[in-house]
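Worksheet for the structure shown next.
Scope of the values below: all heavy atoms of this structure, side chains included, with no hydrogens, waters or symmetry mates. Proteins come first, then strands; the chains are lettered A, B, ... in the order of their sequence lines, and each starts at number 1.
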Protein chains: 2
Amino acid sequence: MRRLQIATIRELARLSGVSVATVSRVLNDYADVSPTTRARVLEVARELDYTPSAAARTLVMQRSQVIGVVLQTGEGHPDLQHPFFQEVLVGLKHRLGAGGYDLLLFATENPGNGFSEHSFARRARHHRVDGLVVMGVDPADPEVQKLLRSSIPLVAVDAEVVGRRSGYVISDNQGGARLAVRHLRECGHERIAIVTGMLSTRPGADRLLGYRAELEALGVPYRDDYVQEGDFYFDSGYRGMRALLALPEPPTAVFAAGDLMAAGAVRAVEEHGLSVPDDVALVGFDDIQLAAMMQPSLTTIRQDKTGLGATAGEALLRMLEQVDAAPPTTSLPVELVVRESSRVRSSRRARKQRDLEVTGA
Amino acid sequence: MRRLQIATIRELARLSGVSVATVSRVLNDYADVSPTTRARVLEVARELDYTPSAAARTLVMQRSQVIGVVLQTGEGHPDLQHPFFQEVLVGLKHRLGAGGYDLLLFATENPGNGFSEHSFARRARHHRVDGLVVMGVDPADPEVQKLLRSSIPLVAVDAEVVGRRSGYVISDNQGGARLAVRHLRECGHERIAIVTGMLSTRPGADRLLGYRAELEALGVPYRDDYVQEGDFYFDSGYRGMRALLALPEPPTAVFAAGDLMAAGAVRAVEEHGLSVPDDVALVGFDDIQLAAMMQPSLTTIRQDKTGLGATAGEALLRMLEQVDAAPPTTSLPVELVVRESSRVRSSRRARKQRDLEVTGA
DNA sequence: TTGTAAGCGTTATCAG
DNA sequence: CTGATAACGCTTACAA
């Protein structure tokens, strides 16, 4: 029963008593095949558990049905590590998978061929990927620029790149930051600080922009010492918060431009002998799984992470189908999710039954 | 400067004034090429930014330099969602990437060809992947069985599968569970309960086994009502803990067989008006990022997640190089990481400066 | 409705 | 040392 060699179209043809051309027609659903022939070929194909060779098909069709995914969280933080991207990947995988595409994860190490240094553009050509999704990249990165110049359709998530064949999908970071600040203000705070993300990234810069814009709109004076630059990761949130607490007039509320940093901030506050939200109210950004599971649970700006992935996939699919489709420049709305870290703390008992949407299980 | 068509070996040959055969030799580092010729070809290749076509090479070499990664966390929980697998993926990516392999993520949707229902075995053949890594699968799954029978080298992470060409890499789950229980006992607890993972999975079953074994070794009587079956996710931990707290004689310590469940348990304890670790001590399993960032931070059994990935990659590489290499059956050690959830609570101030290894940043 | 044959971009076998 | 040339498995004119 088990076959050593993978069945080829030739074998299928032989066993069905027709030519390979006919088999190909059947497999690709061409109209001009007699019903009998079609049935017979299909039957044999089933028996053989036949699958066409992707390599052969790619070679002749000049397309691979594969999308390359470039992940780069930069700064020496291991790729893939940030929970945000993981969730985006889920959305991407589902949408693109449904469209008949597979995902090739671009590793940062050497390419398959010993021939040259790794280069995303080169590897994209090597595998003849039909499209590219890049996440967490710096648009100024020469590697990325190279990708943009190549004629491969590309969609960036969370980075504003533009090119003839490349667009982006991003969350409304400014709007989200404004929501966060307004919420904090509505909770009665006036001394509202921020721990930013990497300012070299679009989300990092935009969230700071939104913070400033909303302060101004609310008539709350902006102060330089209330801005701590972080990098989206836990430790920078911890450090930023410590610095803020050391101020002569520490803030009573902090907007951390990422949930991981917010978690770090909570740690700093508690170590300082203070409590969240009693002494310091906190709002994060992203709504990663952690946010709902923390104690206290974290008020945050929810990004539709799988939505970003799905939207990126969708856009890519469109660009693949129609060569002249305009690259996307989509901004997805975000929403404020109020949890414990920004509320006046009620009695322990009263907290019961809240935030149980947690894992979606 | 920009070229529309991807450069082929033929073009390279033409421009270098040699035959394609010679170019191929140069590119593949054959010895029998004159230094001058080699230099010239390499020079032109650089100018053209030439990359060989993976498809063509796969076709003729009958190998793709691609490893398929099958992710399946089952139970309707979205794939990829569990942080554990994400970290394994990092290790895998690095090791395999260094070995010159790329990773193809097997999406759960339709295959590239409209031809048939998705089947991992079929897709593996379709892409002619050289090897397979499967994670979070049920070894009894017919799909998985099919993969095992195929002659493609396969390494499973966290599932004990065996086959002529397939092995596994797993953590010492029993040992880890024993460590957890012993630690709890050493903290002075006698009423030690467990919230298990899915018992249909190897880790789920083994951790329960370890729990029982250690109780017995310690002379602590086992009681059925102290065993709550969970599924590794937050909500089941929450529910399990509630059930335990509702017992006439609730436990004073709980071993949650996964960190996510431990987080759920913390939530339940606090909602009950009790505190961790004062009223209930808690130990988790995995040491996902969340564990160190929670409040209180979570004592847990650390799995070497990237190590699992790297080891799996390593083993696969070995199997690919030598056809007769024995499939791995590796068990990786785990370690107890003591944090706040299992300690007698000291004053707030005293907690300062602990657990700051958090993100590795 | 079906078959023949020419590629797709490589590698590998033979001759030279 | 180098060059023709035959595969590899498939799609697609072009013929029949």
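Comparing B:G17 and A:T8 by the nucleotide of DNA chain D that holds the closest heavy atom to each, the one mapping nearer the 5' end is B:G17. DNA chain D is contacted by both A:L59 and A:A21; A:L59 maps to the nucleotide lying nearer its 5′ end (nearest heavy atom per residue).
Rounded to a whole Å, the CG atom of B:N28 is 7 Å from the P atom of C:dA12. Here C:dT10 presents its C1' atom at 10 Å from CG of B:L27, a figure rounded to the nearest Å. Residue B:D32 contributes atom CG, which lies 18 Å from atom P of C:dG16 at whole-angstrom precision. If you take CZ of A:R63 and P of C:dG9, they are 16 Å apart, rounded to a whole angstrom. Counting to the nearest Å, the C1' atom of C:dT10 and the CZ atom of B:R14 are 18 Å from each other. Nucleotide C:dT1 holds its C1' atom 11 Å from the CZ atom of A:R38, rounded to whole Å. C:dT11 atom C1' lies 14 Å from atom CD of B:Q65, rounded to whole Å. Look at CE on B:M61: it is 18 Å from C1' on C:dC8, rounded to the nearest Å.
Note on B:S34: only backbone sugar-phosphate atoms sit closer than 4.0 angstrom, heavy atoms only; bases stay farther off. In this structure, A:T58 reaches neither bases nor backbone, as no heavy-atom distance under 4.0 Å exists between it and the strands shown. When heavy atoms are screened at a 4.0 angstrom cut-off, A:V33 is found touching the sugar-phosphate backbone but no base atom.
Between A:I67 and the options A:V133, A:V129, A:L154, a side chain to side chain contact (heavy atoms under 4.5 Å, CB included) holds for only A:V133.
Put simply, chain B comes within 4.0 Å of DNA chain D, heavy atom to any atom, from D:dC1 to D:dG9, going 5' to 3'.
A salt bridge links A:R122 with B:D49: the distance from a Lys NZ or Arg NE/NH1/NH2 to an Asp or Glu carboxylate oxygen falls below 4.0 Å. Here A:R318 does not pair with A:E321 in a salt bridge; the nearest charged N to carboxylate O distance is not below 4.0 Å. Between A:D102 and B:R123 there is a salt bridge, since at least one side-chain N of the basic residue sits less than 4.0 Å from a carboxylate O of the acidic one.
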Could you list the donor-acceptor pairs under 3.5 angstrom formed between side-chain atoms of residues 14-27 of chain B and any protein atom two or more places apart in sequence or on another chain?
residue : atom : partner : partner atom : Å
B:S16   : OG   : B:L12   : O            : 2.5
B:S19   : OG   : B:A21   : N            : 3.4
B:S19   : OG   : B:T22   : N            : 3.3
B:S19   : OG   : B:T22   : OG1          : 3.3
B:S24   : OG   : B:N28   : ND2          : 3.4

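Side-chain N/O atoms of A:R128 and A:T58 include no donor and acceptor closer than 3.5 Å.
Taking only side-chain atoms of B:R57, from C-beta outward, the nucleotide of C:dG7, C:dG9, C:dT10 with the closest atom is C:dT10.
Of all heavy-atom pairs between A:A124 and A:I152, the closest is CB-CD1, 3.8 Å.
A sub-4.0 Å separation between OP1 or OP2 of C:dG3 and a side-chain N or O of A:T22 is present. In this structure, B:R10 reaches the C:dC8 phosphate: one of its side-chain N or O atoms is under 4.0 Å from OP1 or OP2.
Residue A:R128 places no side-chain atom within donor-acceptor reach of the base of C:dG9, judged by atom type and a 3.5 Å distance cut-off alone.
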